[in-house]
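To start, the structure itself, in structure tokens.
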2 protein chains.
Amino acid sequence: MLTLFSEHGYFATSVQDISSESGVSVGSIYHHFGDKEGIARSLYHALSDQMSSRISWISARQGTAHDQCREIVKTLFEMAEEEPLVMDFMLYAKHKEFLPEEKSICSSKPFELMRTIVAAGMESGEIRRMDVMVASTSLFGGPIRMIVARLDDVLQAPLPHYLDEVWECAWKSVAT
Amino acid sequence: MLTLFSEHGYFATSVQDISSESGVSVGSIYHHFGDKEGIARSLYHALSDQMSSRISWISARQGTAHDQCREIVKTLFEMAEEEPLVMDFMLYAKHKEFLPEEKSICSSKPFELMRTIVAAGMESGEIRRMDVMVASTSLFGGPIRMIVARLDDVLQAPLPHYLDEVWECAWKSVAT
DNA sequence: GTCTATATCCAGATAGAC
DNA sequence: GTCTATCTGGATATAGAC
């Protein structure tokens, strides 16, 4: 299901395709999900929750904002390598096209968690005082762009290879 | 055409819709563009060229890499405010879904130009020696993320309002 | 709840006059 | 080159037996 959506896209994937691949009949699929959008919505929520829990697990461990954010970037890089299709679906799919009422990825839970950590970092004095949104995009925008590049196959080495260099840049951008 | 694609998406826009909106008959559209993909491809190339020329015009003017890059970010911010649909189509549309053979946005001409400027900045000593891709994503990743946030309506003020703060972060991330 | 068979609709694409 | 009318396939979704 994820494979079909990520590789061919939502619109190029028919419910018949999903039925064939999953071994579940078309009728059952509609019984469970209501309509085609329901399939995507269900998948999106599952993946979003999975991502959120990984991030909140990181932020739950004690540590500075610096360490937490670095760990998040590291985790995102690892996820992108291990499960590129998940990353692709979360980042690159234009959810607006087939999940119109869904909140945009920017304001989804994983990104909100990141902003919370950034705000805490400002309180503690690790991060310069500025607009929280600006700080968040500065800190994570570079890494995310690297992930997109990797998913688009315009990067030679795996992401972890660039981690130190990427993180140094990211942190310098907001550090006090 | 751009309006339809950007607001409803490529797949939710029928050739009939395009015909109605443009006043050109379906037959003529197919005569000109071959198929539906051809319409999107043609639009994409036109916008990509337009963006490239604005960027190369900036880099053609004398100036440091710092000034050139700042001017690019400023221009991107202004474009996003003046022509959000263009930005949306270029950045946020998943071209892979309907322009499969097209190069990804990352390796498209505008982004290549940016990397060229960054590489020059390293030669001149303005930018730290590092992987050019890392430097480029660090420098432009934050600003791009801000644009996405703005297009997704999760930003209160217009982009130029954040320019100084965003640019300070971006430049700090790669400056020597 | 799960299946098969079917209904319905509308998309992309074409034919062929002008 | 431009139009109208039409074809055709395949998509979403449902009906109804089991």
Side-chain angles (χ1 to χ4, degrees), chain A residues 1-50 85-86 88-90 92-105, chain B residues 1-50 85-86 88-105 108:
Chain A
M1 193 159 92
L2 169 63
T3 314
L4 292 170
F5 279 159
S6 276
E7 291 186 349
H8 309 113
Y10 173 81
F11 293 97
T13 302
S14 71
V15 177
Q16 190 51 247
D17 293 337
I18 297 173
S19 167
S20 305
E21 199 230 24
S22 64
V24 180
S25 73
V26 173
S28 292
I29 292 176
Y30 274 97
H31 182 78
H32 279 294
F33 296 104
D35 59 4
K36 193 186 171 186
E37 266 192 34
I39 307 172
R41 194 174 8 254
S42 166
L43 178 60
Y44 178 68
H45 284 147
L47 296 181
S48 178
D49 286 352
Q50 176 191 322
L85 297 180
V86 172
D88 191 72
F89 188 79
M90 294 298 293
Y92 208 50
K94 187 181 182 181
H95 295 117
K96 274 162 55 168
E97 275 201 18
F98 56 92
L99 295 178
E101 83 293 355
E102 214 57 53
K103 288 191 292 184
S104 80
I105 182 76
Chain B
M1 194 158 91
L2 171 62
T3 314
L4 291 170
F5 280 159
S6 275
E7 289 186 351
H8 309 113
Y10 173 80
F11 293 97
T13 302
S14 70
V15 177
Q16 189 51 248
D17 294 336
I18 297 173
S19 167
S20 306
E21 198 230 24
S22 65
V24 180
S25 72
V26 174
S28 292
I29 293 176
Y30 274 97
H31 182 78
H32 278 294
F33 298 105
D35 57 6
K36 194 185 171 187
E37 266 192 34
I39 306 172
R41 193 173 9 254
S42 166
L43 179 60
Y44 178 68
H45 284 148
L47 296 180
S48 177
D49 286 353
Q50 176 191 322
L85 297 180
V86 173
D88 191 73
F89 187 79
M90 293 299 293
L91 277 185
Y92 208 50
K94 187 181 183 180
H95 296 116
K96 275 163 52 169
E97 275 200 18
F98 56 91
L99 295 178
E101 84 293 354
E102 213 57 51
K103 287 192 292 182
S104 80
I105 181 75
S108 70

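Please read these numbers as outputs of a predicted model, since none were measured by experiment. All chains are named by letter (A, B, ...) in the order of the sequence lines, taking the proteins before the strands, and each is independently numbered beginning at 1.
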Taking the cut-offs as 6.0 angstrom to the six-membered ring centre and 45 degrees off its axis, would you call A:Lys36 and A:Phe98 a cation-pi pair?
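No, A:Lys36 does not sit over the ring of A:Phe98.
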
Provide, to the nearest angstrom, the distance between the [atom1] atom belonging to [X] and the [atom2] atom belonging to [N].
X	N	atom1	atom2	answer
A:Phe33	C:dG1	CZ	P	13 Å
B:Ile39	C:dG12	CD1	P	8 Å
A:Lys36	D:dA13	NZ	P	8 Å
A:Gln16	C:dT4	CD	P	10 Å
B:Phe11	C:dA11	CZ	C1'	12 Å
B:Tyr30	D:dT6	OH	C1'	14 Å
B:His32	D:dT2	NE2	P	4 Å
B:Asp35	C:dA13	CG	P	5 Å

Can you list the residues that meet the side chain to side chain contact (heavy atoms under 4.5 Å, CB included) rule with B:Glu21, with sequence neighbours excluded?
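Only B:Thr3, B:Leu4 meet the side chain to side chain contact (heavy atoms under 4.5 Å, CB included) criterion with B:Glu21.
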
Candidates C:dC3, D:dC3, D:dA13 - which lies nearest the side chain of B:Ser25
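Looking only at side-chain atoms, B:Ser25 lies closest to D:dC3.
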
Nearest to the A:Ser14 side chain among D:dC3, C:dG12, D:dT12, which nucleotide is it?
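For the A:Ser14 side chain, the nearest candidate turns out to be D:dT12.
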
Just by distance, do the side chain of B:Ser6 and the backbone of B:Asp88 share a donor-acceptor pair under 3.5 Å?
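Not confirmed, B:Ser6 side chain does not pair with B:Asp88 backbone.
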
Output yes when a side-chain donor or acceptor of B:Ser28 lies under 3.5 Å from a complementary backbone atom of B:Val24, and no otherwise.
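Here the side-chain-to-backbone pair does not exist.
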
Using a cut-off of strictly less than 4.0 Å, decide whether B:Ser28 has a side-chain nitrogen or oxygen near OP1 or OP2 of D:dC3.
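For D:dC3, OP1 or OP2 has a side-chain N or O of B:Ser28 closer than 4.0 Å.
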
Residue met sooner reading DNA chain D from 5', once B:Val24 and A:Tyr10 are mapped to nucleotides:
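Comparing both residues, the 5'-ward one is B:Val24.
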
Need one value for A:Ser19: base, sugar-phosphate or nothing, where a base atom within 4.0 Å counts as base even if backbone is also close, heavy atoms only.
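It contacts nothing in the nucleic acid.
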
